[in-house]
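In what follows, a structure is listed as structure tokens, so that the remarks can point back to it.
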Amino acid sequence: MKYEIVIKGYIKDHLFEEFEMTQQEDFTTKLSGEFVDQAELYGVLRRIQDLGIELIAVIPV
Amino acid sequence: MTLSIMPTKLQKPQFPPDMVVKPETTRLLSTAKINIVSAQAGSGKSTSVSHWLSNQGEPYIWYSLDEWDNDLAQFLTYLTEGIKTIAPEVSGQMDQLLSARQTIGDEALIKSFTTLVHNIRQSYILVLDDYHVINDEMIHQMMRALIGHFPLSMHLCIISREDPPFSLAKLHSQRQLTALRMSDLRFTLLETESFFSKNLNRSLTSNQLKYLFERTEGWIAGLQLTALSLQGVEDIDHFIADFSESHYYIIDYLLEEVLERHTETIRQFLLKSSIFEYFSPELCDDVLELQPGEGEKCIEFLLKTNSFLITMGSGWFRYHHLFRELLRKRLNLMERDIITTIYLRAGKWFEGKERHQEAIEHYLNGGHNELAAALIEFKWATMDLELRSSSWLDMANRLPEDLIKRSPVLSLGVGWALLDRGEVESCEAWFDIAKKLYDQWQDWALRGDILVNDLEEFKQMPVTLMNAKAYIAAVMGDYALLLKITKELQILAEQHYNKKQWVLETFVATVHWGRGELDEAIYHMMRVKNEALGPLNPLVQNSMVWVIAELYIQKGQLTQAKILLEKAIEEVKREGIVPILMATYYLYLAMIASFRGDTDQAFGLLETSKSYGHQYEFMDWQYKYYTLKARLHIQNGSWDLARRCIIKGRNSDFKNPIPESFTIEDMDLWLTLKTEEDEHALKYRIDEAINALEPFLEDDPSYTTEMKWKLIFKFAPLNSYAAKLEPICRILLDRAKIQKRWLHVIEYSVLMMRFIKSEAVKQSLLSSAKQLALDEGIELPFVEFSESLPISDKVHANLSLREPLTTRELEVLELIEKGLSNQEIANMLFIALSTVKSYNNSLFGKLEVKRRTEAVAKAKTLGLL
């Protein structure tokens, strides 16, 4: 399953190396990637939370 | 207590004294008994709570949680350690409870632990920091139990990055809970100003201040990092201009600024030390290969500059989680070789200090899997003894599977852990792998890449594997197989000087028990109890009391069982032992009373049992409770109540390797046969019951099916079944005689009477049974198993009462009708005059009358007489 995760602000590449990262015009970052299952998705969301980054959207594509 | 404790985890972190804290948060925290502080990383949660604790008078426990705490035993061990400072006695009792964990089961452990928490009189505050790392459902359940019955003396404060999975709405509406969220923790403009004036030795203009406030949104981590970046900045406006052009995540941007400003030494130190959860100067010098004393200098510098370093006490420190997370990410940009070397050195350092959990963590992070595997292998034996096999499995599962499959001990451990979880099928595959590797190892040429580290455990493997087989056989009730294994085990254990001889001895006892050889079973269980085979955990020893009592009862030695139980109860009361086993002890006393025909006393003792069982519950207590209660209700003719007990008993079914003399399924069969009025249907049921037993009837019926046979003997219509059943009943009677099971001899004698035509033989059977029953006062078999009649109108009438009369009360009523005086009734029934009077009162109550004559009249109109 493929998801796009949108977070606030731009971030450096090394924070989420495994994803394709797009800096968007509205100063958000889109992380796109393939997930094995829901557990992996939640793992990434937890990492975003651990860094104190604001989560804006999670979209299945 | 066997688990080791890291004291740093129970110390309140010390934040820099000039930290700005919002006064409002302190007020909010003291307004309710339960606080949830739930907000994102770096929002000042721990700082606020820590500040509040320092400014109030109550004692507190601070518990910093991390991933390793996802283990009920470890969690409760830390709580117990914390409580030691508040209520040492209760903490001691908790210790007892934890060391008995293997015999209690997790659900019952939670219940009993919660009860003990309620025994703390001193009021105190419990802080659970970083609760979001907890994902173990049993721990959540423990917290739900605690919150559901909230102790008066406790003030609970949960700090978490996300809301914990409890339903808090009710507490909220009752104003028992305050939640501190981001909106409460965020700094206002005014607070931001006071923060900067404390943390910067220069002043900011109001525009600069306003910008920084808006950019950080009052988020404390952002403000702190800003202050750090501003140190040594000449032109603040320039800094702000750069800052506002960047749209990078604020922490990411600022961290770069900070790192750039530091010297190379400090920069390296920050990045490399980020691999540690907790660190000391000595650890840093050694692992990071610094000059002696340099680690301390770096730490002092970072403390002085407020660089997200938190003092944990005893010379240990940790970084703020958020800061550490970012540093670690940056560390990963370094050369892989450098990183793996640091992890290796860290693993070695912790291993040298026997802090294995941390060593394993570092080895795994650095990809040193074989080193981690070796340590995990060594941990198996101890963790299995502590019954933490499921936590061990979580740890082992972090290793690559092909690595586990190269280690016989690890494969064995995985098998055992799965067996502990009741996954009998999947565990056997792992045992096979372990066995294969073990055999291969014996041949030098075949050793190849097999990994053996824990030689001691490896040598014991044949015994351990056989133990596993024995356990599976016992649970499955396959006593023939168990006997075979036990014999092999005895030889093996001697060859290998195995230390767990007592486990083997209980298997031997179980084999005898499963074959009805109760004297032998008692002999072996006694040897275990008296520690003839080595010292025992006190709770294991105490639980041998009920096991032996059960054996005595099955034998019909009721007095001996009663003395044993009463002595144990007395000891619990005298020594102030945690009363985990009381519910079970009283249950067996109730069973003794019921075999003596004293149903009322049995019900009374069951009530006492229940009052203990509500607080402390032992393994299969609930199952046993409902099974016995169902039997009592069946005797009384209270079918509905019996049925309800059977349903509840089924819900609390518990797989136990010990043979039961009567099961919940037996009670169900009993009720079905007893209430079946249609003769064809009855025959069908009897056929069904016999068919279910016959496949096992190659030799003699097995001991554990005896109760079912008794029921078949009692209810089968004679004309169709007598010829078939009589020989079986005779075999069972003779076997009971040979095995000296007097209770069963009495039962079979009474049952045998059905199949006998000659009145003289019948009478002689009965009188020899009565003779046997005399010494121990056994009465129940004569009530339960004597010739049964179809349900009479009388029974129907009795059942239609709101509260039916007991058998004894009906007896008394019949004697009253015959015109006997109370004294005469007492003489006739061999009971005290006062007992007769109490029967009278109770049956008057049930019939709603006041006098003997009224009772007889009412009973006649109801059809009871």
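Chain letters run A, B, ... following the sequence lines, proteins first and then strands; every chain starts at 1. Please read all numbers here as calculations on a predicted model, not as lab measurements.
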For this session: Mark yes when over 12 heavy atoms from residues, nucleotides or ligands other than E18(A) sit less than 6.0 Å from its CD; otherwise mark no.
Result: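 Counting other residues, nucleotides and ligands, CD of E18(A) exceeds 12 neighbours.
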For this session: Check the surroundings of atom CD in E137(B): do more than 12 heavy atoms from other residues, nucleotides or ligands lie under 6.0 Å from it?
Result: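 Enclosed.
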[atom2] on [Y] to [atom1] on [X], rounded to 0.5 Å:
X: E17(A); Y: L333(B); atom1: CD; atom2: CG; result: 6.5 Å
X: Y249(B); Y: T29(A); atom1: OH; atom2: OG1; result: 11.5 Å
X: N135(B); Y: R46(A); atom1: CG; atom2: CZ; result: 7.5 Å
X: I251(B); Y: I53(A); atom1: CD1; atom2: CD1; result: 9.5 Å

Problem set entry | Residues from residues 266-277 of chain B approaching chain A under 4.5 Å (heavy atoms) |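 Result: none.
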Exercise. How far apart are the closest heavy atoms of D50(A) and L322(B), and which atoms are they?
Worked result: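 In this case the closest contact between D50(A) and L322(B) is O-CD1, 3.3 Å.
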Exercise. Among E325(B), H321(B), Q40(B), R330(B), which residue forms the greatest number of heavy-atom pairs with chain A at distances under 4.5 Å?
Worked result: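 Among the listed options, the one with the most contacts to chain A is R330(B).
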Exercise. Which one, E256(B), K329(B), H247(B), leads in non-hydrogen pairs under 4.5 Å with chain A?
Worked result: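 The residue among E256(B), K329(B), H247(B) with the greatest pair count is H247(B).
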Problem set entry | Check: D252(B) side chain, I11(A) main-chain N or O, donor-acceptor pair, under 3.5 Å |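 Pair absent, no side-chain N/O of D252(B) close to backbone of I11(A).
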Exercise. By a 4.5 Å heavy-atom criterion (distance strictly below it), what part of E162(B) contacts chain A: side chain, backbone, both, or neither?
Worked result: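 Both parts, heavy atoms under 4.5 Å.
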